[in-house]
Amino acid sequence: MSSDAVKKRKPKVIRNESGTPETKRGRAEGDQLSAVSSLVKFRKVRLRQVTYPAGPHLIGQRKPFTVKNQDVRVYNEEVELEVRDPQQDYMLYKNTCAALAKLMAEIQELKAGGAKVGSVEIEERRTQCSVHFITLKKLNRLAHMRLKKGRDQTHEAKQRVDVLHLQLQNLLYEVMHLQKEIGKCLEFRSQHEEIELVSEEEFFQEAPAEISRPHVTRDDQHQLTLARLDWELEQRKRLAEQYKMSLARKEKIQKAIEQKREYLSSLQPGLQNIMQASLPVQEYLAIPFEHMQKQAEVARHLPPPLYVLLVQAGAYGQACDKNLSVSIRGDVDEAKALSRPPEDSQDDESDSDAEEEQQNTKRRRATSGVQLDDKRKEMLRRHPLSLCVDLKCKDGSVLHLFFYYLMNLNILTVKTKVSTSADLSGAVSAGELLNSESLLNCLYASDHGKETPNPANRYQFDKVGITTFGDYVSDLGHPYVWVQKLGGLQFSSGGAQSGLTGSALSASHMERTMKLLRGRLQARLALHKQFSSLEHSIIPVSSECQHLFPAKVVSGLMRWTLMSHQEFTELGFVQHVLKAGLVHETDLFFMAAVERGTARLLAAVVMNPRYPEVAPLFSLSLHWKGERSGRTDDNLRAMESEVNVFRSELQGPRPGLQLLTNQIQRLCVCLDVYLETESQVCDGSEGPKEFPREKMCLRTARGPSRLKPFKYNHPQGFFSHR
């Protein structure tokens with residue numbers, strides 16, 4: 001750089017403590033406030049200046065460095081902070097505060113002594129006070145810097161601790177992972193442990209030397225296991241070959257059997273033709289001698305109740321019902337062996353048991369439980385012969401009734417079976433309709449068939465430890481009261497007695513019972529077909545019942561499922577039905593869901609076993625803008641009345657097998673009316689777009705409860721109130 005350029009630059013102003021422009025201007029003006037402010041500015045300038053003359057300083061350290069060949073000292077408080085002692089700064093702070101207080105007191109004394117404001121004594125003390133204020137500010141900055149430095153050090157220490165903690169967590173995770181791997185290795189089970197190998201003694205005896213290798217395997221357990229596995233493989237290969245050979249021999253034998261069976265089958269048609277050739281003659285003459293002779297011979301060995309039932313059922317079939325047939329089943333030889341009546345055999349057995357107790361008391365004590373079971377089996381013993389009554393319907397379905405006689409209890413039981421020409425396995429909810437355990441429940445009112453109708457059996461059960469006969473119903477059959485009457489048995493009970501016994505009692509109940517049985521079968525088969533459609537969200541309405549409903553029904557059935565009695569009792573909107581005693585365990589329970597748009601109507605259906613004589617009972621719950629039920633909404637209660645009370649309108653042609661589907665269809669129609677009129681009542685308009693007005697109603701609501709018009713008038717096609 002040239003010397004001319006250096007000369008043109010303005011020289012830097014270097015201020016010293018001996019004389020500054022601010023001090024001179026303060027003295028010239030003579031103003032106290034200006035003096036204090038000038039001293040503060042003077043201190044700030046000193047902090048910013050880049051060079052200082054030699055001389056004493058109040059506070060601070062300077063770091064020397066060279067700028068343009070000049071000795072310059074830069075002020076750095078951070079460097080100063082490292083060499084300063086906090087305790088000394090604290091003592092300096094206390095001394096400064098004391099000196100400041102002392103100067104203030106002296107200024108006050110001077111003013112009180114009459115000194116003027118701009119006097120030299122007061123100005124000197126004010127100058128000293130300003131210097132002390134600057135010292136206090138300096139100490140304040142140093143204190144804040146110490147605080148920041150302490151926080152930084154604390155943060156760094158925390159970071160180091162966090163790093164160490166993270167390393168510790170990583171190490172702990174690695175330890176845990178290694179422990180899990182060690183545990184897996186210790187718990188590992190090889191597949192060969194599940195193979196049942198021969199014992200070591202048998203292995204060394206049977207295995208050849210090239211496999212057993214005793215000189216190696218007796219001392220090495222691992223080699224012993226491998227050798228045993230090799231021997232097991234060899235044995236299994238040998239057995240597999242034997243199995244293939246056995247299968248080949250089996251196929252040869254089966255072929256020979258089939259050839260002989262075909263030969264015998266070829267003889268059967270000829271024999272059947274001979275037998276069939278004589279049947280037209282017997283049928284033409286109406287005297288099936290062979291069948292009647294065999295039937296009469298076997299009937300002599302029937303117990304009296306079964307014999308009465310055989311005679312009366314056969315007579316009713318010949319006179320009134322050609323589709324009814326009766327046959328005898330069982331072991332005739334065993335029936336012939338029963339030379340004594342059931343009562344005598346029971347008394348003799350009790351006498352023999354008493355004599356055996358006196359002779360072998362100790363031996364019987366050890367086997368009392370086994371003998372008690374034998375006594376129960378003997379008491380519940382059935383007669384070897386039984387009756388099978390077949391009721392045929394027009395559609396080809398057959399109801400098989402199997403009647404049994406319990407000799408020691410003197411009661412009749414019945415089991416059922418249904419045979420149909422069509423496949424009835426499609427409907428899931430119809431599983432309980434044709435169940436043999438519940439098909440004949442409540443054929444007559446309150447006749448559940450769970451307990452024996454003979455009062456004497458209660459005392460017989462106490463002797464052998466039988467608590468209830470219902471535990472044996474699935475094996476022995478149901479002892480319905482009507483079954484006893486068909487066999488001519490009548491026991492004393494709380495009800496009125498007819499005075500008839502034997503054949504007369506059986507004949508008085510035969511016709512009505514057979515009609516009820518055939519009606520029960522037809523009703524269950526009709527329900528089975530209807531349930532198949534309902535499960536596919538189709539409501540089958542016959543042509544005879546189309547006039548009961550409008551042409552267009554928007555609401556539809558979405559779901560039809562079977563429920564248990566416990567699931568039904570847990571529903572909140574059916575509690576009033578339970579309290580009223582309208583539900584029994586023998587009933588069938590279903591859940592129907594009817595939907596239209598966002599509205600969902602749930603219907604809990606209770607179906608009595610005597611359907612359609614006893615109509616199904618519906619309980620409703622509507623999920624739309626909240627949850628409503630018949631207990632909280634008068635219109636839902638009215639909808640329940642439409643399907644429960646006015647059942648005569650929905651009965652359809654006799655015997656009323658379309659009642660259930662008509663009730664569900666009526667429920668869909670009522671839901672349409674409810675939603676369409678509910679929108680108009682709430683909004684005062686034609687209704688929202690979701691439920692447009694499609695049903696014609698004379699009045700949308702009536703009365704204080706604002707009931708809706710649910711009654712459909714045919715053929716006018718409008719709805720009105722009842």
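Predicted, not measured: the structure shown is a model, and the values here were computed from it.
Between the side chain of Glu640 and the backbone N or O of Leu620, at least one donor-acceptor pair lies under 3.5 Å. A distance-only check finds no donor-acceptor pair linking the side chain of Asp672 to the backbone of Val553 [under 3.5 Å]. Judged by distance alone, the side chain of Asp587 and the main-chain N or O of Val606 form no donor-acceptor pair under 3.5 Å. Without hydrogens or angle criteria, Arg631 side chain to Phe573 main chain gives no donor-acceptor distance under 3.5 Å. Panel note: side chain Gln484, backbone Leu412; a donor-acceptor pair is recorded below 3.5 Å. Remark: the backbone N or O of Val464 is paired with a side-chain donor or acceptor of Arg376 at under 3.5 angstrom. Side-chain atoms of Gln663 do not come within 3.5 Å of backbone N or O of Leu650 as any donor-acceptor pair. With hydrogens and angles disregarded, no donor-acceptor distance shorter than 3.5 Å links the side chain of Glu535 to the backbone of Gln530. One N or O on the side chain of Gln546 and one on the backbone of Val541 form a donor-acceptor pair closer than 3.5 Å. The closest donor-acceptor contact from the side chain of Thr661 to the backbone of Pro540 lies under 3.5 Å.
What you find for Arg382 and Asp475 is that their closest heavy atoms are NH1-O, 3.4 Å. Taking all atoms of both residues into account, the shortest heavy-atom contact from Val326 to Gln295 is O-NE2, 3.6 Å. Considering every non-hydrogen atom in both Leu671 and Leu622, the closest pair reads CD1-CD1, 4.1 Å. Listed here is the closest heavy atom pair of Ser386 and Phe403: CB-O, 3.1 Å. The two residues Val473 and Gly449 make their nearest non-hydrogen contact at CG2-O, 4.0 Å. Shown here for Pro655 and Pro612, the closest heavy-atom pair between the two residues is O-CG, 3.3 Å.
Between the side chains of Arg518 and Gln522, no donor N or O sits under 3.5 Å from an acceptor N or O. One side chain, Thr468 or Glu451, offers a donor N or O that lies under 3.5 Å from an acceptor on the other. Counting only N and O atoms by type, the side chains of Asn662 and Gln665 include no donor and acceptor under 3.5 Å apart. Between the side chains of Asp395 and Ser397, at least one donor N or O lies within less than 3.5 Å of an accepting N or O.
Salt-bridge check for Glu378 with Arg381: passed, with a basic side-chain N closer than 4.0 Å to an acidic carboxylate O. Using a cut-off of 4.0 Å between Lys/Arg side-chain N and Asp/Glu carboxylate O, Lys377 and Asp373 are scored as not salt-bridged. Ionic pairing of Glu649 and Arg666 is present here: one or more N-O contacts between side-chain nitrogen and carboxylate oxygen are shorter than 4.0 angstrom.
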Checklist entry - Yes or no on side chain to side chain contact (heavy atoms under 4.5 Å, CB included) for Met379 and Leu409, after CA distance, side-chain angles and deciding distance? => result CA-CA 7 Å; Met379 181 170 292; Leu409 300 181; 3.8 Å; yes

Checklist entry - Should Tyr316 and Glu511 be marked as a side chain to side chain contact (heavy atoms under 4.5 Å, CB included) after you check the CA-CA gap, both sets of side-chain angles, and the distance that decides it? => result CA-CA 7 Å; Tyr316 176 77; Glu511 182 175 4; 3.8 Å; yes

Next on the checklist: If you apply the rule side chain to side chain contact (heavy atoms under 4.5 Å, CB included), what do you find for Val418 with Arg524, and how did you get there?
Outcome noted: CA-CA 11 Å; Val418 178; Arg524 293 298 174 90; over 6 Å; no

Next on the checklist: With side chain to side chain contact (heavy atoms under 4.5 Å, CB included) as the criterion, how do Leu406 and Phe469 come out once you've worked through the C-alpha distance, each side chain's angles and the decisive distance to 0.1 Å?
Outcome noted: CA-CA 12 Å; Leu406 304 184; Phe469 187 75; 3.9 Å; yes

Checklist entry - side chain to side chain donor-acceptor pair (under 3.5 Å) between Asp374 and Gln371: does it pass, once the steps are laid out? => result CA-CA 5 Å; Asp374 295 339; Gln371 291 185 356; over 6 Å; no

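Here CG of Leu571 is found 4.5 Å from CE of Met591. Values are rounded to the nearest 0.5 Å. Taking CG of Leu516 as the reference point, atom NE2 of His509 lies at 11.0 Å (rounded to 0.5 Å). To the nearest 0.5 Å, atom CG of residue Asp333 and atom NE2 of residue His301 are 9.0 Å apart. We find the CG-CD distance between Leu505 and Gln312 to be 10.0 Å, quoted to the nearest 0.5 Å. Here CG of Leu401 is found 13.5 Å from NZ of Lys415. Values are rounded to the nearest 0.5 Å. The OH atom of Tyr444 lies 14.0 Å from the OG atom of Ser446; values are rounded to the nearest 0.5 Å.
The shortest distance between side-chain heavy atoms of Glu297 and Val332 does not fall below 4.5 Å. Here the side chains of Ser325 and Cys388 are not in contact, with every heavy-atom distance at 4.5 Å or above. Between Thr413 and Val483, every side-chain heavy-atom pair lies at or beyond the 4.5 Å cut-off. Within the 4.5 Å cutoff, the side chain of Thr561 has no heavy atoms near those of the Phe590 side chain. The side-chain heavy atoms of Phe549 and Tyr712, taken from C-beta on, include no pair separated by under 4.5 Å. Using a 4.5 Å heavy-atom cutoff, the side chains of Asp321 and Leu391 are in contact. Residues His714 and Leu548 form no side-chain contact, since every pair of their non-hydrogen atoms from C-beta on lies 4.5 Å or further apart. Within the 4.5 Å cutoff, no side-chain heavy atoms of Met563 are placed close to those of Glu570.
Residue-environment remark: OH (Tyr307) stays at or below the threshold of 12 foreign heavy atoms within 6.0 Å. Atom CZ of Arg329 has 12 or fewer heavy atoms from other residues, nucleotides or ligands within 6.0 Å. Around the NE2 atom of His400, the shell of radius 6.0 Å holds more than 12 heavy atoms that belong to other residues, nucleotides or ligands.
When the options Val308, Leu489, Thr513 are evaluated for a side-chain contact (heavy atoms from CB on, under 4.5 Å) with Ser506, the one that passes is Val308.
Taking the six-membered ring where tryptophan is involved, the planes of Tyr480 and Trp482 are essentially parallel, since the angle between them stays under 30° and well short of 60°.
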